[in-house]
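Per chain, numbering begins at 1; letters A, B, ... match sequence-line order.
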2 protein chains.
Amino acid sequence: MSESSTTDTKTSILDAAEMLFVEKGFDGTSLRSVVAKADVNIAAVHYHFGSKESLIQAVLARRLEPINRERLERLAALRESNGKGELQLEDVLRALFEPALRLAGGGEPGSNNIVRLIGRIFSEPSHALQLFLKDRFRDVFENYTSAFREILTELPDLDFYWRIHFMLGAMCHTLCDRERPVILSGGVCDVESQHEVLEQLVAFVAGGLRAQSTGGK
Amino acid sequence: MSESSTTDTKTSILDAAEMLFVEKGFDGTSLRSVVAKADVNIAAVHYHFGSKESLIQAVLARRLEPINRERLERLAALRESNGKGELQLEDVLRALFEPALRLAGGGEPGSNNIVRLIGRIFSEPSHALQLFLKDRFRDVFENYTSAFREILTELPDLDFYWRIHFMLGAMCHTLCDRERPVILSGGVCDVESQHEVLEQLVAFVAGGLRAQSTGGK
DNA sequence: GTCTATAGAACGATAGAC
DNA sequence: GTCTATCGTTCTATAGAC
């Protein structure tokens, strides 16, 4: 727990693993490539983390914990500031998206990468990882689902849950792929502008959530 | 090129690889597990496909070719049947989504799996695979982008391209994850109903594409 | 076209000295 | 807490018999 003046072994392993996981995926990244990049010994990984699977979870937990904590805080703040008033859809969407998107434009070196990793984890095939994520996202999911349900009162359950799913898809895809919008737009889209990405995503998702029901029960 | 009364070696390798790629990912699937499932020899993979990378591309090409061909045919049919009339947004969305979604409810054994694989390939980190896909999707992308541009005439370029990106996100996520909607809705959503998935996705995306511009240039 | 056998390298993980 | 050395496994790929 002691602070070191230079980056310690544990942190440099996390940093190196994070970058390589983004570039090569979890299965495509060997512990040997991690220790080479971090300039530490192979045995240090097992001493500090125990196994590759535990290292993966540690890399994710380090970034997800502050993001999901801020998401909950911002939703609570929205409820408080509104008193008995109704939540506004765009406000809730910003509270959900911004903590993750901000990392992309953040100051920390390498933080640009982790955003892509966070977007990709939902489509990872590993069952162990899915269980880990289910646990990490439970509070955020439950609180935000309640909030959206309060706002979209007239939407049938069927439509509501499908649209929550589509919303997650648009968000994950946006976090995941930071090149495609620039390329396919010929440079019109600017993924480096946190404000632009956030407002565009909010507008699209809000439009999708508010669309007329397809007539389900 | 000869037809065999039973499934031949090449096809059984493709089938086995396809299923394992879905379950374990590309890097997480070894050729040894493929040949074990296909009940063929390890050397047969290299004889028929040359390398693991080529096998991956062959697995994808087998499914993508008919899907993307049908997408182009359906868009052309829409243009023809409309004469000089305007394309309808929902019609174009159905033409884009349905050829892929239909595989999920299709008759072929294993076709249920490939849908998830198709949804995941866009977030694969391999550069070689991304180049392969860019080539396979070029025609579809160009034709459908033009069609959407004709329909959404009043949308600024900035908003337009971002929304195309978000649309792909919703679609890929839907193809990718065939369990989450059922779980998070408590069984309300039915991913086995091809009609339900298609119409829900079309309604959400159409709503997002039609949302008011955020005021970009 | 299918097989056996194996090359040659990389993998995750651990034991034990310091 | 960090190191060297290494175990046992698994990997892709190929050579050569049939």
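Looking at residues two or more places apart in sequence or on another chain, you find a salt bridge (charged side-chain N to carboxylate O under 4.0 Å, His left out) between Glu98(A) and Arg74(A). Glu90(A) pairs by the side chain to side chain contact (heavy atoms under 4.5 Å, CB included) definition with Arg94(A), Val202(A), Ala206(A), Arg210(A), not counting sequence neighbours. For Arg79(B), the salt bridge (charged side-chain N to carboxylate O under 4.0 Å, His left out) partners two or more places apart in sequence, or in a different chain, are Glu150(B). Residues forming a ring-ring contact (aromatic ring centres under 6.0 Å, His included) with Phe166(A) (at least two apart in sequence, or on another chain): Trp162(A), Phe204(B). Remark: Arg71(A) pairs with no residue by the salt bridge (charged side-chain N to carboxylate O under 4.0 Å, His left out) rule, at least two apart or across chains. In terms of the ring-ring contact (aromatic ring centres under 6.0 Å, His included) criterion, Phe160(B) has no residue partners (sequence neighbours excluded). Judged as a ring-ring contact (aromatic ring centres under 6.0 Å, His included), and not counting sequence neighbours, the contacts of Phe137(A) are Phe122(A). Not a single ring-ring contact (aromatic ring centres under 6.0 Å, His included) links Phe97(A) to another residue, sequence neighbours left out.
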Look for any protein N or O under 3.5 Å of an N or O in nucleotides 14-18 of chain C and output each such pair with its distance, or none.
none

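Of the residues in residues 23-40 of chain A, those with a non-hydrogen atom less than 4.0 angstrom from any atom of DNA chain C are Thr29(A), Ser30(A), Leu31(A), Arg32(A). Within residues 51-60 of chain B, no residue has any heavy atom closer than 4.0 Å to DNA chain C.
A close approach under 4.0 Å does not occur between any side-chain nitrogen or oxygen of Thr9(B) and OP1 or OP2 of dG1(C).
Counting to the nearest Å, the C1' atom of dG1(D) and the CD1 atom of Ile13(A) are 11 Å from each other.
Distance check, rounded to the nearest 0.5 Å: CD of Glu23(B) to CZ of Arg116(B) gives 7.5 Å.
Residue pairs meeting the side chain to side chain donor-acceptor pair (under 3.5 Å) criterion with at least one partner in residues 35-49 of chain A, sequence neighbours excluded, are absent.
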